[in-house]
Amino acid sequence: MPVAEAGALAFNLGAFISTLFLLEFGADKFIAHTSILARRINISEVVVGLLTAGAEWEELAVVVGALSQGRSSLALGNVVGSSISNILGAFSLGLLWYSGDEVAEFDRSARIYSLLLLVLTTAVAPVIYYSTKITWLVGGGVLIAAFVLYFLLVAVAIGRGVLTAPEDSDSDSDSDGDDGEGNGEGDGDEANSVSSRTALLRGNDTPRRRRRHGLGYHGLYLSFGFLAISLAGYVLSQAATNITEELGMSDVLFSVVILAIATTLPEKLIALKSGSQRHAGILVANCAGSNIFLLSLCCGIIMVGTGGTLDSGTVTATELIALWLSTVAFTVTVWFGARYARWIGGAMLASYVVFIVLEFTFIHSV
């Protein structure tokens, strides 16, 4: 490789890696301060929790950025690859690292979320494969509407006590915050409603209390977070495009494997923490919430935005089968496999390694 091309590749790799940190920073700030503002103006915390469930707004930024660059294949590959990675790469790690000799306990909410994900995946996979203009325009609209309906139905179910709010929500909506507000101790500060993602990564489930800030302060940080997400999504898609061109790699291969692993690193860290701290609910919601977001809203936007015409190929039937089978394994584990969680986690992780190897050697040989 000529020196000039090597330099360009190194620059794009550096931009890609460094922008991941900007993406995570922006998502954390945007969601945490959105939660604070919602509490201050008396919007239901359940609604905020559902809005941020799955914490895949950064994935949405990558999808929109890729579409704006005319790289629809990159966007779709990232959605499918991230969905697979969330189960075989993240959920599996949580099962393996489940602390102590206790059997993982998945409650009713976890079972409902997992079953809902299986139904969604079963419905979406054929629509992705048969990418005609009519099926994608109609299917995309239905998926976006389904996400809105999912949001509303779960909000009602939580309000009636049927479900518990997704524990991986990026707003910390437990009762302590409400008490803090009533006592004037400031549940509205960033630390006290910081995302469960941040709290888990710090290994601290009890947020520290700090002084209260005004609405303008949180509005400013919310704006900064949104700008950071938007910028990061654009840079990531552009850097990914340049890297695939420099390496002669297909958009689908790069997005299904490399981009998907990179953008789901936070989910993997959450899974490790939730497993080691025996938070089975967080472990399930982290996976189910993320994939529901990806396969409904993100996938719907791609379908409507492209109308069934991708720029450079689409995901293969093998990848969609891998997505469906991994979702079946996830659902069966939550419903029936808690006693064998570690064995299942090991099998899932091994399957993910095999999947990656097959991507490079068989499915999209380079």
Side-chain angles (χ1 to χ4, degrees), residues 56 59-60 62-67 69-90 117-118 120-140 142-144 236-237 240-241 243-245 247-264 287 290-330 351-366:
E56 293 299 332
E59 296 280 3
L60 179 60
V62 173
V63 166
V64 173
L67 291 177
Q69 294 292 311
R71 307 305 287 258
S72 51
S73 296
L74 194 72
L76 182 60
N78 183 49
V79 166
V80 174
S82 295
S83 299
I84 295 172
S85 186
N86 281 334
I87 298 175
L88 299 183
L117 176 60
L118 179 58
L120 177 64
T121 305
T122 303
V124 170
V127 179
I128 293 177
Y129 186 73
Y130 296 105
S131 56
T132 65
K133 184 174 183 178
I134 295 178
T135 57
W136 272 35
L137 286 176
V138 174
V142 170
L143 287 176
I144 295 173
L236 272 178
S237 60
T241 298
I243 291 171
T244 56
E245 291 176 350
L247 296 177
M249 185 183 299
S250 73
D251 283 359
V252 176
L253 173 60
F254 183 85
S255 58
V256 167
V257 179
I258 300 174
L259 185 59
I261 291 175
T263 56
T264 57
C287 178
S290 296
N291 280 16
I292 289 172
F293 188 102
L294 285 167
L295 295 175
S296 57
L297 183 61
C298 291
C299 199
I301 289 174
I302 293 171
M303 290 179 178
V304 172
T306 61
T309 303
L310 299 175
D311 62 299
S312 58
T314 185
V315 292
T316 66
T318 303
E319 289 157 339
L320 293 173
I321 291 172
L323 171 61
W324 187 79
L325 289 177
S326 63
T327 306
V328 170
F330 168 74
S351 298
Y352 192 47
V353 173
V354 172
F355 171 76
I356 292 174
V357 172
L358 289 176
E359 280 287 307
F360 282 98
T361 60
F362 177 72
I363 301 174
H364 299 284
S365 58
V366 296

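Numbering starts at 1 and runs along the sequence shown. These numbers come from the heavy atoms of this one structure, side chains and all, not from hydrogens, waters or symmetry mates.
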Return yes if some donor-acceptor pair links the side-chain N/O of Asn86 with the main-chain N/O of Ser82 below 3.5 Å, else return no. yes
Of all pairs that satisfy ring pair (Phe, Tyr, Trp, His ring centres under 6.0 Å), the ones with a partner from residues 307-330, not counting sequence neighbours: Phe91-Phe330
Less than 4.5 Å apart, any side-chain heavy atom of [X] and any of [Y]?
X      : Y      : answer
Leu143 : Leu120 : yes
Ile144 : Ser296 : no
Thr309 : Lys133 : no

Taking side chain to side chain contact (heavy atoms under 4.5 Å, CB included) as the test, write out the residues that go with [X], two or more places apart.
X      : answer
Val138 : Ile134, Val142
Thr316 : Thr318, Glu319, Ile363, His364
Val127 : Trp136, Met303

Test side-chain contact (heavy atoms from CB on, under 4.5 Å) on Leu60 and Ile301; report intermediate values, then the result. CA-CA 9 Å; Leu60 179 60; Ile301 289 174; 3.5 Å; yes
Distance from [X] atom [atom1] to [Y] atom [atom2], nearest 0.5 Å?
X      : Y      : atom1 : atom2 : answer
Cys298 : Asn78  : SG    : CG    : 8.5 Å
Thr314 : Ile302 : OG1   : CD1   : 9.5 Å
Ser351 : Ile84  : OG    : CD1   : 11.5 Å
Phe355 : Leu88  : CZ    : CG    : 8.0 Å

Check against side-chain contact (heavy atoms from CB on, under 4.5 Å), Ile128 and Leu320: CA-CA 8 Å; Ile128 293 177; Leu320 293 173; 4.0 Å; yes
Evaluate side-chain contact (heavy atoms from CB on, under 4.5 Å) for Cys299 paired with Leu294, printing each intermediate quantity in order. CA-CA 6 Å; Cys299 199; Leu294 285 167; over 6 Å; no
With sequence neighbours excluded, tell me which residues meet side-chain hydrogen bond (donor to acceptor under 3.5 Å, both in side chains) with Ser85. Thr264, Lys268, Tyr352
Residues at least two apart in sequence or cross-chain that pass side-chain hydrogen bond (donor to acceptor under 3.5 Å, both in side chains) with Thr327, listed by chain then number, are none
If I compare all heavy atoms of [X] with all of [Y], which pair ends up nearest, and what's the gap?
X      : Y      : answer
Val304 : Gly140 : CG2-C, 3.6 Å
Ser326 : Ile87  : O-CG2, 3.5 Å
Gly77  : Ser255 : CA-OG, 3.1 Å

Going through the checks in order, is the side-chain contact (heavy atoms from CB on, under 4.5 Å) test met by Asn291 and Thr121? CA-CA 9 Å; Asn291 280 16; Thr121 305; 6.0 Å; no
Any luck finding a side-chain donor-acceptor pair between Thr135 and Thr132 under 3.5 Å? yes
